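Contents: one structure, followed by commentary.
Please read all numbers here as calculations on a predicted model, not as lab measurements. To find a chain, count down the sequence lines: A is the first, B the second, and so on, and within it residues start at 1.
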Protein chains: 2
Amino acid sequence: MDGDTRDTIRAVALELFSTRGFDQTSLREIAERVGLTKASLYYHYSSKQALLIAVVEPVLTGWRDIADDTATLAHTSANVRQVVARCLDVLLRNRAVAGIFQRDPAGVAVVAGALWEDMLELSRRLYTWLAGPAASPAEQLRAVAAMEVLGAALTSGTYLKEEISEAEARAVLLDAAMDVLRVSAEPEASGMRKSG
Amino acid sequence: MDGDTRDTIRAVALELFSTRGFDQTSLREIAERVGLTKASLYYHYSSKQALLIAVVEPVLTGWRDIADDTATLAHTSANVRQVVARCLDVLLRNRAVAGIFQRDPAGVAVVAGALWEDMLELSRRLYTWLAGPAASPAEQLRAVAAMEVLGAALTSGTYLKEEISEAEARAVLLDAAMDVLRVSAEPEASGMRKSG
DNA sequence: GTCTATAGATTGATAGAC
DNA sequence: GTCTATCAATCTATAGAC
């Protein structure tokens, strides 16, 4: 049973892509760490692009789920908070993959253009829903800014002097994003109530 | 007088670095656009790294000025707003350079490590001042998040459906960043009053 | 499945004529 | 200051033996 090797390769690739950047990571480097030769990598993944996609796609799926759900979700403040929380959780659960996009978006865009366009499209849908129906340009911009806030979950480690628990970071960033969206703080409700 | 050629090269490099990413841009590409050969580029800039630094450094200086000023600036809400506004203006005035850091931070970090470390250090100083004296980890995190908000000035073009004037975008993002910092909205005051 | 060997392309950089 | 020509390194990817 050799999904093992495939998985090891993917894990090593994820680590190197996310720390050094996609472009800065060569297949030679990955092969060395795994303990194989470059040629053997190609037995498991047909190209560097295929390897990148294998590493990134699972997260894209999680992202897509959220975007799809918003299609039928009423734009209430409780729901907005829930959607933002889900986005944040996807980010926190997939720090490494998110780091790939953050560290070398240009490289990813070039080698996986279609995947990149998918991500942009998903983001657009999410931002549009977050901004709310008939949102003004200013409100749309606030929606984009709110999602940027979540990115601090990834970068904060570089800047903070003291440690902060993941739970607290999550709470702080969720509140901050809601502040940007100008949605008043509420407990994370489970029900949903129609509004528009 | 041939600062002309030097400047043209720098301008072309800026455009390509910021749109395609630093690593994705080859000297051959730059040379072609300028109308020179690669070899001639090397007469004006001793390396690709030197070219990158020439492109980026002016902005780093503007950034450093802000960080330096905070050293002797009282942490009042009016001053916080003013500092954030200055950061935002540097960003808006140098969208292209900022785009280099945003599109390929990994590539920049590798080829211009010292410059990159300088940027990190400046950012740390700014974040620290923004968070305020004796800030809790949560407040520090909010300071990082507030600066992330400003980054929306660069990315928004990709996502917004309708146009938004630069002036309005500036106003919206400044307010949003202040919301993240939890500093109440005030007019941009010129005086400063001691608070802590 | 893993290996050796190598093709084929591109890159940053240099030498030296003009 | 600009050119032609070229080097040396590195990379992705493939062919074919074992």
Side-chain angles (χ1 to χ4, degrees), chain A residues 1-56 100 103-104 106-116, chain B residues 1-56 100 103-104 106-116:
Chain A
M1 187 158 328
D2 238 17
D4 248 18
T5 305
R6 251 187 93 92
D7 290 348
T8 304
I9 293 172
R10 208 185 48 210
V12 170
L14 171 57
E15 191 199 329
L16 290 179
F17 286 167
S18 66
T19 53
R20 291 164 148 62
F22 174 74
D23 248 39
Q24 315 292 331
T25 304
S26 67
L27 296 179
R28 176 188 52 77
E29 227 170 335
I30 297 174
E32 266 171 20
R33 284 235 194 167
V34 176
L36 288 178
T37 62
K38 262 191 305 177
S40 299
L41 286 194
Y42 278 93
Y43 174 82
H44 297 279
Y45 293 94
S46 64
S47 68
K48 195 184 179 185
Q49 171 186 3
L51 183 50
L52 172 66
I53 290 177
V55 162
V56 160
I100 298 178
R103 232 165 266 268
D104 187 9
V108 174
V110 165
V111 81
L115 183 148
W116 184 254
Chain B
M1 183 158 331
D2 238 19
D4 248 20
T5 305
R6 252 187 93 92
D7 291 347
T8 304
I9 293 172
R10 208 184 47 210
V12 169
L14 171 57
E15 192 200 328
L16 290 179
F17 287 167
S18 66
T19 53
R20 294 163 146 62
F22 175 73
D23 248 39
Q24 314 293 329
T25 304
S26 67
L27 296 180
R28 176 187 54 77
E29 226 170 335
I30 296 174
E32 267 172 18
R33 283 234 196 167
V34 176
L36 287 178
T37 61
K38 258 193 307 176
S40 299
L41 285 193
Y42 278 92
Y43 174 83
H44 297 279
Y45 293 94
S46 64
S47 68
K48 194 183 179 186
Q49 171 186 8
L51 184 49
L52 173 66
I53 291 176
V55 161
V56 160
I100 298 177
R103 231 166 266 269
D104 188 9
V108 174
V110 166
V111 82
L115 183 148
W116 184 253

message = Side chains of A/V108 and A/V56, heavy atoms from C-beta outward: is any pair under 4.5 Å?
response = no
query = Do B/L52 and B/I100 come close enough that some side-chain heavy atom pair is under 4.5 Å?
reply = yes
message = Counting only heavy atoms and a strict 4.0 angstrom limit, can you tell me which residues of residues 106-114 of chain B come near DNA chain C?
response = none
note = Between CD1 of B/I30 and P of C/dT11 the distance, given in whole Å, is 11 Å
message = Considering every strand and a 4.0 Å limit on heavy-atom distances, what is the contact class for A/S40: base, sugar-phosphate, or nothing?
response = base
query = What string of B, S and - do you get for nucleotides 13-18 of chain C, 5' to 3', when a contact is any protein heavy atom under 4.0 Å?
reply = BBB---
ask   = What pair of heavy atoms forms the shortest contact from A/G107 to B/Q24, and how long is it?
value = CA-NE2, 3.3 Å
query = Does OP1 or OP2 of D/dC11 have a side-chain N or O of A/S26 closer than 4.0 Å?
reply = yes
query = Whole-Å distance between D/dA13 P and A/L52 CG?
reply = 12 Å
ask   = In whole Å, what is the span from the NE2 atom of A/H44 to the P atom of D/dA13?
value = 16 Å
task = Answer yes or no on whether A/R103 is positioned over the face of A/F22, meaning its NZ or CZ is under 6.0 Å from the six-membered ring centre and within 45° of the axis.
result = no
d(CD, A/Q24; P, D/dA9) in whole Å = 20 Å
query = Passes side chain to side chain contact (heavy atoms under 4.5 Å, CB included), A/V110 versus A/D23? Steps please.
reply = CA-CA 10 Å; A/V110 165; A/D23 248 39; over 6 Å; no
Residue-phosphate contact under 4.0 Å: B/Y43 side-chain N/O, D/dG1 OP1/OP2 = yes
ask   = Looking at A/R28, does any N or O in its side chain come under 4.0 Å of the phosphate oxygens OP1/OP2 on D/dT10?
value = no
key: pair B/L51-B/I30: side-chain heavy atoms closer than 4.5 Å   = yes
Protein-nucleotide distance (A/Y45, atom OH; D/dT12, atom P), rounded to Å = 16 Å
request  = Provide the closest heavy-atom pair for A/R10 versus A/A54 in the form atom of the first, atom of the second, distance.
outcome  = CD-O, 3.5 Å
query = Could you state the CD-P distance from A/E32 to D/dT12, rounded to the nearest angstrom?
reply = 12 Å
task = Check whether the side chains of B/T37 and B/S40 place a donor and an acceptor atom closer than 3.5 Å, and report yes or no.
result = yes
message = Nearest whole Å is fine: how far is C/dT11 C1' from B/L51 CG?
response = 15 Å
task = Please report the shortest heavy-atom distance between A/L27 and A/L41, naming the atom on each side.
result = O-CD1, 3.5 Å
